[in-house]
Amino acid sequence: FNERHRLKVLFPLTGGIADVFNEEGEIEIKAQLLTLTFLPGLAWEYRPYDNWFLVPAIQAGVARDFQLDTNAWLYSISLRSYAWWDWGKQRFGLGNRLLGAGQRVESTTNNTGFALLESGVEWDHLLPWTLRNQALSASTYFLWQHYWDAARLDAFSGEQTTLINHYKLGITFGFRNPVTIFRFIPIHRVGMAIGRGNYLGGAQIRSITLNLGFPLSYD
């Protein structure tokens, strides 16, 4: 539309593997792809100020479990806020998101869902290097995810998982501002994060994820 309004088409594709940690607690990533999720949608970016944007979004798609040979139909609606402040070579970012989502597994008749609150901070530092005449930077972020009333999700095989809190500590590297190659392919950042959370009853969840930057700063 203009500098303050922008409509985005979302095409996120995510693959998943299980058993990242072995019985001794060591990282042991298996090469087998267990799940694949495609969740397309639309997002509307509105900038009240130059350093702050609000993004409502709606998405719907499908997740495939290759081991159980079944699908889950997914949908979500969200409102995200991200603001940042620059001091010399440093950038401090603050992000928040409210999200409601649901799923229906083909092998069951029940619909399940959850409401999620996400809050996080990011610290980004400019590096003394450039690529394609654009400045490179590295960042560190912390993200807290809280599931209201504890998220009760039916797994593909029928058992129920109840998650309350999830914490992520991540690093990213790339361009501070997105760069377009071949006139239409945007390139921004890449990174990884380690996560830790808790199920209702005290059980723990641990994870390693790849990302395209601070999760609350991009679609």
Side-chain angles (χ1 to χ4, degrees), residues 5-20 29-46 53-82 95-118 120 143 145-163 166 168 170 172 178 184-193 195 197 205 207-219:
H5 303 268
R6 181 182 301 174
L7 184 65
K8 295 183 176 182
V9 180
L10 310 177
F11 288 99
L13 183 67
T14 305
I17 58 176
D19 302 323
V20 175
I29 300 177
K30 299 180 179 180
Q32 183 181 7
L33 181 66
L34 301 181
T35 64
L36 190 65
T37 303
F38 180 50
L39 199 64
L42 293 174
W44 173 51
E45 181 182 294
Y46 169 59
F53 57 71
L54 298 169
V55 186
I58 185 168
Q59 296 174 258
V62 62
R64 175 70 177 175
D65 188 301
F66 295 102
Q67 282 191 319
L68 299 177
D69 192 27
T70 189
N71 298 320
W73 301 100
L74 313 174
Y75 50 89
S76 72
I77 184 169
S78 64
L79 175 62
R80 177 167 56 93
S81 168
Y82 180 70
N96 294 279
R97 172 161 46 193
L98 287 173
L99 181 146
Q103 69 172 11
R104 183 181 65 82
V105 181
E106 284 186 343
S107 57
T108 69
T109 58
N110 295 329
N111 293 330
T112 59
F114 62 88
L116 171 65
L117 169 65
E118 296 180 285
L143 178 67
Q145 298 173 309
H146 176 68
Y147 294 84
W148 289 345
D149 298 326
R152 295 176 177 84
L153 301 177
D154 288 333
F156 285 100
S157 54
E159 73 273 14
Q160 193 173 81
T161 298
T162 306
L163 183 62
H166 194 209
K168 287 185 178 182
T172 76
F184 67 94
I185 301 177
I187 296 179
H188 194 189
R189 313 186 67 80
V190 294
M192 67 179 300
I205 179 174
S207 65
I208 297 177
T209 56
L210 302 178
N211 60 58
L212 299 176
F214 178 45
L216 297 179
S217 66
Y218 69 93
D219 295 311

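- Distance check, rounded to the nearest 0.5 Å: OH of Y46 to OG of S81 gives 12.5 Å.
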Practice task
Quick one: do L42 and V9 satisfy side chain to side chain contact (heavy atoms under 4.5 Å, CB included)? Show the steps, please.
Solution key: CA-CA 5 Å; L42 293 174; V9 180; 3.9 Å; yes
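- Here the shortest heavy-atom pairing between S78 and R97 reads CB-CD, 4.1 Å.
- With a 4.5 Å cut-off on side-chain heavy atoms, L36 and F38 do not count as touching.
- The closest side-chain heavy-atom distance from Q103 to W73 is not below 4.5 Å.
- Taking 4.5 Å as the limit, some side-chain heavy atom of L116 sits within range of a side-chain heavy atom of Q145.
- Residues T37 and A63 approach most closely at OG1-CB, 3.5 Å, considering heavy atoms.
- Residues L79 and P56 share a closest heavy-atom pair of CD1-N, 3.9 Å.
- A 4.5 Å side-chain heavy-atom check between D65 and N71 finds every atom pair outside the cut-off.
- Between I58 and S76, every side-chain heavy-atom pair lies at or beyond the 4.5 Å cut-off.
- What you find for Y218 and L212 is that their closest heavy atoms are OH-N, 3.4 Å.
- The two residues H188 and P178 come nearest to each other via the heavy atoms CD2-N, 3.9 Å.
- Side chains of L98 and L117 form a contact here, defined as non-hydrogen atoms less than 4.5 Å apart.
- Between L54 and R80 there is no side-chain heavy-atom pair separated by less than 4.5 Å.
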Exercise for the section: Test side chain to side chain contact (heavy atoms under 4.5 Å, CB included) on E45 and H5 and set out the steps. Expected result: CA-CA 6 Å; E45 181 182 294; H5 303 268; over 6 Å; no
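- Using a 4.5 Å cut-off on side-chain heavy atoms (C-beta onward), T209 and K168 make contact.
- A donor-acceptor contact under 3.5 angstrom links the side chains of T172 and R189, judged on distance only.
- Without hydrogens or angle criteria, Q59 side chain to L39 main chain gives a donor-acceptor distance under 3.5 Å.
- Of all the heavy atoms in L216 and G120, the pair that sits closest is CD1-N, 3.9 Å.
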